[in-house]
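A, B, ... follow the sequence lines: proteins, then strands. Residue 1 opens every chain. Computed from a predicted model, the values in this text were never measured in an experiment.
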Amino acid sequence: MARQIGEVILEVEDLHTYCFTRFGTVKAVDGVSFNLRQGEALAIVGESGSGKTMTALSLLQLQPRPAARIVKGSIRLEGEDLLQKTEEQMREIRGKRISMILQDPQTSLNPVFTVGNQLIEAIRNHHAGETGRSLVRRAIEGLKQVRVAAPERRVEDYPHQISGGMKQRVVGAIAISCEPKVIIADEPTTSLDVTIQAQYLRLLREIQEETNLALIFITHDFGIVAKMCDRVVVMYAGRHVESGPVRDIFNHPSHPYTQALLRSVPSMDEDVKRLYSIEGQPPALWDLPSGCRFAARCEYAQERCSSEYPPSFTVGLNGSTHSASCWRLREST
Amino acid sequence: MSATPVLQVRGLKKHFPVTKGFLWKKVVGWVQAVDGVDFSIRQGKTLAIVGESGCGKTTTAKLVLCLEQPSAGEVLADGKNVHALAGDALRDYRTTVQAVFQDPWSSLNPRMRVRDIVAEPLVVNRKFPEREIEERVEDAMSRVGLRRQQANLYPHEFSGGQRQRIAVASALVSKPKLIILDEPVSALDVSIRAQIMNLLVDLQQQYDVSYLLIAHHLATTRYMANEVAVMYLGKIVEKAPTRELFGNPLHPYTKALFSAALPSHPDITHEEIILKGEVPSPINPPSGCRFHPRCPFAKAECSVAVPIEKEMAAGHVVACHLYS
Ligand SMILES: Nc1ncnc2c1ncn2[C@@H]1O[C@H](COP(=O)(O)OP(=O)(O)OP(=O)(O)O)[C@@H](O)[C@H]1O
Ligand SMILES: Nc1ncnc2c1ncn2[C@@H]1O[C@H](COP(=O)(O)OP(=O)(O)OP(=O)(O)O)[C@@H](O)[C@H]1O
Ligand code: SF4
Ligand SMILES: [Mg+2]
Ligand SMILES: [Mg+2]
């Protein structure tokens, strides 16, 4: 594999993004930290509403305004503090250094413009001075890079004329067109068929090998994590509750939520007698308990769990990068 | 293995006309949505149909539910062709076959109270006295884990997982022999999927009801089904008992589908068969074996002759020239 994991290029520390609504403060992101290295694929997993998309949007400062605000934390891209940037500087960074593939490909392409137009729109800013034919050539190049067949013809198509798998490729082409360092893919394949999904994941992997870009996969599918990712961040109710190398997470899940989540998915590779099911629901984000947020659903919960938020404990040997926030780990360390 | 079939499907076809023109619609082609499908479902067992978008799974389900008329072939229940039924006999058939669809957000009527949604299959049948309806609704609701007080609420007052429970309660209330589950969990959050799958498995044991499960998520199929049929462009290309199929997939499409499925652990690597291109259109599908343009093993005869089903092991049939 040509992929090389290099320097840390993105550092997120103690990120908090709150939504201020009529009903109160929704703590959509409430303490998330992780590092991302060059060439690495990082997964952010967690159930619906746990704050994954809001985390991603915050990285680009695209959180829905004015309701949502980043109230605390830091985001560093190649050492530069993004929260100190002006809106104009952020516009430069978006697309050029970090770009995002949205959850729903249907909404990320504009139905009234051709595929070519949309690609050109994305490239134009970054190739100032170029016009007409040379931009079209770049657009065709871009489609070739995402293995779209007959790209010369495809640039003239409108989004409704192409299949879902093809749309997702075009969105991918737009995302990589300016050679960003980081791509955030938010549930990039949920709407695709199994074999088309496999093609697309393979494509992302190849692009990653060619360009050594860093990928963040936002997903609730542990299959994508197992297949594509090097490291995992597990989120629950706005916080990261566990993170570590992918094998450590699968072999020694240490937060009861991660354990439960892994036991609740059926396997394609072996017979499972009975799935574990996590009863109850996550707490409301505008009325969070002071202790561990999983306590009400946790089969190991003790008194302390519901009164005091557990700190992050290292799992495994000294120097391990696997950690989880659960009081049970205190006893074992 | 010897349980009697509750449903038999023979040579079932559904072709939709493709029309052109505004006033005088001219038929310019046919969508061969379902094109000669055979299977049977045994009592208390689950048959799963897997395959990619547009291969004809939902159309098959609609034919079984008598929501569509077949272009050819038949669906037999108790030895009778269900598409020839009318009046009371048709209403009776409809109470014995129920369905739960994918989308818990749109499949329930938003203006009906939960009680009425659950009761509907009984009301439609016109034979059940008020008292019995009430008792059965209460029973069905409690079996799926809904509380009695919730009967007066409307669907929007429930979460996705609870709505799917309502749909299951409604499917159960007429004590059907067969429930069609069309992607019953794919719209739900991960942690809720397990609850609904376990519920369905438990209810099957209690009621001895059969399921026709439509899913594209193979792991779900492995967990729930006794037998699996793999569909490609309107045809079943392989069918086998679940264990047998997962252990020994034979058809190149099945192999590709399985190899494309995501692994359950980073150390598991499936042999990767990445297919070329996309599923062709069911309008004028490819000649011979419909899979031949994408098949990595295609031989000359594959583009010419339609492969015939062959039984390779007990209950394991495959339609592919590599095995004939
Ligand atoms: N504009 C907004 N105003 C108020 N709350 C919001 C707003 N946008 C999102 N939220 C809330 O923030 C929380 C986090 O949402 P987010 O979209 O990040 O979840 P997610 O983990 O991406 O979920 P999913 O898997 O469903 O995409 C949710 O509870 C959501 O209801
Ligand atoms: N009423 C109709 N008129 C014309 N074509 C139809 C009609 N219903 C379905 N089709 C076509 O028949 C084919 C099979 O559709 P069907 O809905 O059965 O697929 P499916 O396997 O359920 O797919 P999915 O996984 O996307 O639900 C598709 O090409 C579809 O466009
Ligand atoms: S019949 Fe031929 S084309 Fe079809 S699946 Fe078998 S080998 Fe491939
Ligand atoms: Mg999201
Ligand atoms: Mg369907």
Side-chain angles (χ1 to χ4, degrees), chain A residues 45-50 149 162-166 189-199 201-203 219-230 232 245-247 249-251 257 260-282 297, chain B residues 50-55 145 159-162 185-199 201-202 215-225 232 242-243 246-247 253 256-270 272-279 281 294:
Chain A
V45 292
E47 63 193 273
S48 190
S50 59
I162 60 181
S163 70
M166 190 82 81
T189 59
T190 32
S191 57
L192 301 181
D193 260 330
V194 199
T195 61
I196 306 301
Q197 165 173 281
Q199 288 173 353
L201 292 176
R202 146 90 62 102
L203 172 73
T219 181
H220 56 244
D221 188 340
F222 271 105
I224 292 191
V225 180
K227 185 163 181 90
M228 298 292 291
C229 299
D230 307 300
V232 184
V246 67
R247 286 187 172 71
I249 299 290
F250 275 87
N251 295 335
Y257 175 63
L261 212 50
L262 280 167
R263 280 162 63 205
S264 74
V265 288
S267 164
M268 140 96 199
D269 305 293
E270 59 194 6
D271 285 328
V272 178
K273 274 259 150 49
R274 191 168 179 83
L275 294 176
Y276 181 82
S277 77
I278 314 174
E279 299 302 322
Q281 281 171 7
R297 302 169 84 184
Chain B
V50 299
E52 289 176 281
S53 188
C55 71
S159 69
Q162 286 174 315
V185 298
S186 54
L188 301 175
D189 206 39
V190 228
S191 66
I192 296 156
R193 283 185 193 175
Q195 292 176 13
I196 299 292
M197 280 191 261
N198 285 342
L199 172 69
V201 168
D202 292 345
H216 68 262
H217 191 235
L218 292 169
T220 301
T221 312
R222 175 157 196 166
Y223 183 60
M224 294 199 44
Y232 188 79
T242 307
R243 272 246 181 100
F246 280 83
Y253 176 65
L257 199 62
F258 283 20
S259 86
L262 295 164
S264 54
H265 190 284
D267 291 334
I268 296 176
T269 46
H270 297 139
E272 269 202 38
I273 307 170
I274 301 272
L275 293 178
K276 307 168 269 192
E278 312 199 359
V279 184
S281 154
R294 299 175 84 196

Measure A/Leu201 against the heavy atoms of chain B and call it side chain, backbone, both or neither at under 4.5 Å. side chain
Find out whether B/Arg294 and A/Thr195 are in side-chain contact, i.e. whether some heavy atom of one side chain is under 4.5 Å from a heavy atom of the other. yes
Answer with side chain, backbone, both or neither: which region of A/Val194 has an atom nearer than 4.5 Å to a non-hydrogen atom of chain B? both
Segment of A/Arg274 engaging chain B (4.5 angstrom heavy-atom cut-off): both
Please determine, among A/Glu270, A/Lys273, A/His220, A/Gln197, the option with the most heavy-atom pairs under 4.5 Å with chain B. A/Glu270
Most contacts with chain B, counted as non-hydrogen pairs under 4.5 angstrom, among A/Val272, A/Val265, A/Ile278, A/Asp269: A/Asp269
Is the closest side-chain heavy-atom distance between A/Glu279 and B/Gln195 below 4.5 Å? yes
Write down the atom of B/Arg222, the atom of A/Asp271, and the distance for their closest heavy-atom approach. NE-OD1, 3.1 Å
Taking every non-hydrogen atom, the tightest pair across A/Ala226 and B/His265: CB-C, 3.7 Å
A/Pro266 versus B/Tyr223, closest heavy-atom pair with distance: CB-CB, 3.9 Å
Considering only heavy atoms and a distance below 4.5 Å, find which of B/Ile273, B/Asp267, B/Leu257, B/Thr269 pairs most often with chain A. B/Asp267
Whatever's closer than 4.5 Å to a heavy atom in chain B on A/Gln281 counts as side chain
All heavy atoms of B/Ala219 vs all of A/Ser267, minimum pair found to be CB-C, 3.6 Å
Just by modelled atom types, is the A/Leu275 backbone N or O under 3.5 Å from a matching donor or acceptor in the B/Asn198 side chain? yes
Which pair of non-hydrogen atoms, one from A/Asp221 and one from B/Leu262, has the smallest distance, and what is that distance? OD2-CD1, 3.5 Å
